[in-house]
Student: 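This is the structure I want to talk about, given as structure tokens.
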Amino acid sequence: AAGVVATGCGHDHNNDFCATNGHLAMCYGGGVGYEAYGQAGFSRRARTYKATLSEDGTPTIATYKRLDHTFEVVDQQSLYPWAETTT
């Protein structure tokens, strides 16, 4: 759809990455469930999105994940405009 620049989906697996085709950023929500498939020692995490509008009207969308056992923020990333992972 016109104007859509990012989308996300959640599931109980270890999929927690974002990818883009150059026009649309697509993100998995992170592995939040304790009954999820996955490897031993995988820290559960939840993805958060932050949309902002600057004073000049420029939109930005960013995302990060927060770990459940330390509340540490990991994998900060700009989704719009698209940029690679910053942490």
Student: In Å and rounded to the nearest 0.5 Å, what is the NZ to CD distance from Lys65 to Glu72?
Tutor: 11.5 Å

Student: As a quick check of understanding, evaluate side chain to side chain contact (heavy atoms under 4.5 Å, CB included) for Leu79 and Val5, giving each step before the final call.
Tutor: CA-CA 8 Å; Leu79 299 180; Val5 296; over 6 Å; no

Student: Judged by atom type as modelled, is there a donor-acceptor pair below 3.5 Å linking the side chain of Arg66 to the main-chain atoms of Tyr64?
Tutor: no

Student: Can you give me the closest heavy-atom contact between Pro59 and Pro81, atom names plus distance?
Tutor: O-CD, 4.5 Å

Student: Can you tell me how far apart OG1 (Thr7) and CE (Met26) are? Round to the nearest 0.5 Å.
Tutor: 9.0 Å

Student: Please check if Ile61 and Leu53 belong to a single hydrophobic cluster, counting links between Ile, Leu, Val, Met, Phe, Trp and Tyr side chain heavy atoms closer than 4.5 Å.
Tutor: no

Student: For the residue pair Thr60 and Ser78, establish whether any side-chain heavy-atom pair is separated by less than 4.5 Å.
Tutor: no

Student: Are the two sulfur (SG) atoms of Cys18 and Cys27 closer than 2.5 Å?
Tutor: yes

Student: Given 3.5 Å as the limit, does a donor-acceptor pair link the side chain of Thr63 with the main chain of Tyr49, or not?
Tutor: no

Student: Is it true that Asp16 and Arg47 make a salt bridge, defined as a side-chain N closer than 4.0 Å to a carboxylate O?
Tutor: no

Student: I need the minimum non-hydrogen distance between Leu24 and Thr20, along with the two atoms involved.
Tutor: O-OG1, 3.1 Å

